[in-house]
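One structure is given below, encoded as structure tokens.
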Amino acid sequence: MKQEIFEIVSNKKIAENIYEMVLSGDTAEITKPGQFINIKLEGFFLRRPISVCDFNENTITIIYKVVGNGTEFMAELSSGDKLDVLVGLGNGFDTTKSGDCPVLIGGGVGVPPMYNLCKELVNEGKEVSVILGFNTKKEIFYEEKFKSLGAKVYVTTADGTYGTKGFVTDVLKDLEYSYFYTCGPLPMFKAIESIVKTSGQYSFEERMGCGFGACMGCSCKTKYKNIRICKDGPVLEREVIVW
Amino acid sequence: MVDLKVNLCGLPLDNPIIPASGTFGFGYEFAELYDINCLGTFSFKGTTKEARFGNPTPRIAETPNGMINAVGLQNPGVEKVISEELPKLKQCFNKKVMANVSGFSIEDYAYTCEKLDKEEQVGWLEVNVSCPNVHGGGMSFGTSPEMAAEVTKAVKAVTTKPVIIKLSPNVTNIAEIAVACENAGADGISLINTLLGMRIDLKTKKPVIANKMGGFSGSAILPVALRCVYQVYEAVKIPIVGMGGVSSAEDVIEMMLAGATAVQIGAANLINPYVCRDIIKNLPTVMQKYRINSLKDIIGGAH
């Protein structure tokens, strides 16, 4: 982990209440897809932890949903603004276990960390399927971006306004895959857990204090030990999770 | 050259900066970020007789200029702290550490303190009679002068190292409790623990924190902390470790003027993990600005 000053390159709305922000700065601390950054915002005491959607040597892309005062403030920021960011937090996804044809399942704002993971897996020569679950058509983002990576993309909407009507599990149940990776809300995780056929990795969300393992604010029990979502997670292997 | 050195209960500190318990783990997370030997010392994660998972999550809420936590003394228990955490700490910290202890009975406190007192790495015992986040213990020992004195006596009877009692601000008369601890043999007083607070989520219309209430800390509580330290300084002769909302070199000086011999930094570590190192770096410049040559000369200077 490192504290760095990043400059906003762009900050734009890409779907209903969903924004994409590109930040430029030193990204050397990021080592795996599925890690997150923790952003200090002027006037707010706690930092905002947000997963990395994509990164290269000198930029980070994040996608966030406006849900409260902090993210409302973020949506107002513009290019050229500077942000104090802790970079390289969390364990991230382990791609070595994916097998030949992994499936990636993202629900709502759980979609972003799937993007860099998809890129990584495609680069490793894997045949990747992606299921993107949204509530409604207006909230959909990144469908085309996943397609251009070369993944097979399925979209579901709860209200049936686009793609398959229903939930990610309505697609997942008929799919063949070697392994799974997922990020999204807890009810989606539970639905996946009830039908999934292979090993896999879940990326959890929790209210955090520090984001780097100091405060024990985001502790969670696993089958073997107590862990901190921010430092020992946010990605947990299916086998260790206590539901 | 300005002098940052102070003496806390007979043990010298290179500077008065001490990361507060619960915001610094057992040190090694921060040792990955900077050389923590620059600190005066630090107070490690509150340790109890048995291992504790703590409270359900969410445990954290934000407030204007602060935060609320209800972690609930999560720790591996004193045996594992001694067998696992202290050896790991030895790899990255060559100074004496402050051992922070909590309990659910007077026997608990005595048991845990007696064990930690025997550890060569431990310099001081900081006895937390003020945790607002546990039921049937913690703060209930620190809200009456008699109970606080009982804990102090029990711990003093089984230990040799300086015993510092950490007090709660959630009381009517904090000075009275400090005096009771002093009379019972305490070597120092540390204050303030967090203020009991809460937040309610407008969307769910329920408390944000699973435990409903939690300990309020951060810059917002600095004036309350200064007032408590000032009052306790007037009432006792033993040294005071001041804390509550401190996040800059200026705050440290203010806390020392109120009466603190050493100063702990808590919530600020969670926002800026380098804050203690930065404060130590900034102190000489800020001291020069206010024409302070030696920090020990300003302790209680506001009285």
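Side chains included, hydrogens not; waters and symmetry mates left out as well; all remaining heavy atoms used. Naming convention: chains lettered A, B, ... in sequence-line order (proteins, then strands); numbering from 1 in each chain. As the structure is a prediction and not an experimental result, all values here were calculated from the model.
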Inset, instruction - State whether the number of non-hydrogen atoms from other residues, nucleotides or ligands found under 6.0 Å of A/Glu205 atom CD is greater than 12. - result: no
_Please check if the number of heavy atoms outside B/Tyr28 that lie under 6.0 Å from its OH is greater than 12._
yes
Between the CG atom in B/Leu270 and the CE atom in A/Met208, the distance rounded to the nearest 0.5 Å is 13.0 Å
Can you tell me if NZ on A/Lys223 sees more than 12 non-hydrogen neighbours from other groups inside 6.0 Å?
yes
Among A/Gly211, A/Cys220, A/Cys218, the residue with the most heavy-atom pairs under 4.5 Å to chain B is A/Cys220
Residue from B/Pro58, B/Gly25, B/Ala51 scoring the most non-hydrogen pairs under 4.5 Å with chain A is B/Pro58
d(B/Thr57 OG1, A/Ile229 CD1) to nearest 0.5 Å is 8.0 Å
So, the part of B/Ser219 with a heavy atom under 4.5 Å from chain A: the answer is both
Side-chain heavy atoms of B/Val208 within contact of A/Arg207, under 4.5 Å: yes
Checklist entry - Would you call B/Glu62 and A/Arg48 a side-chain contact if the rule is heavy atoms closer than 4.5 Å? => result yes
In terms of heavy-atom pairs under 4.5 Å with chain B, the winner among A/Arg47, A/Lys2, A/Lys221 is A/Lys221
So, the part of A/Gln3 with a heavy atom under 4.5 Å from chain B: the answer is both
With side chain to side chain contact (heavy atoms under 4.5 Å, CB included) as the criterion, how do B/Ile60 and A/Cys215 come out once you've worked through the C-alpha distance, each side chain's angles and the decisive distance to 0.1 Å? CA-CA 10 Å; B/Ile60 305 285; A/Cys215 74; 4.3 Å; yes
Indicate yes or no: at least one non-hydrogen side-chain atom of A/Arg228 is less than 4.5 angstrom from one of B/Glu29. yes
> How about B/Pro273 and A/Leu86: do any of their side-chain heavy atoms sit closer than 4.5 Å?
Replying inline: yes
Turns out that what part of B/Phe26 lies under 4.5 Å from chain A's heavy atoms comes down to neither
What verdict does the side chain to side chain contact (heavy atoms under 4.5 Å, CB included) test give for B/Ile271 and A/Phe45, after you've listed the backbone C-alpha separation in whole Å, the side-chain angles of each residue and the deciding distance to 0.1 Å? CA-CA 7 Å; B/Ile271 314 309; A/Phe45 192 77; 3.8 Å; yes
Interatomic distance, CZ@B/Arg52 vs CE@A/Met216, rounded to 0.5 Å, equals 12.0 Å
Applying a strict 4.5 Å limit to non-hydrogen atoms, the region of A/Lys231 in contact with chain B is side chain
Highest number of heavy-atom pairs under 4.5 Å with chain A among B/Asn65, B/Asn269, B/Leu202 belongs to B/Asn65
- Query: Take atom NZ in A/Lys137; do more than 12 heavy atoms of anything else shown fall under 6.0 Å from it?
  - Reply: no
### Message
Counting neighbours of CD1 on A/Ile195 that are heavy atoms of other residues, nucleotides or ligands and sit closer than 6.0 Å, is the number greater than 12?
### Response
yes
One option among B/Gly66, B/Pro64, B/Ala268 has the most heavy-atom pairs under 4.5 Å with chain A, and it is B/Gly66
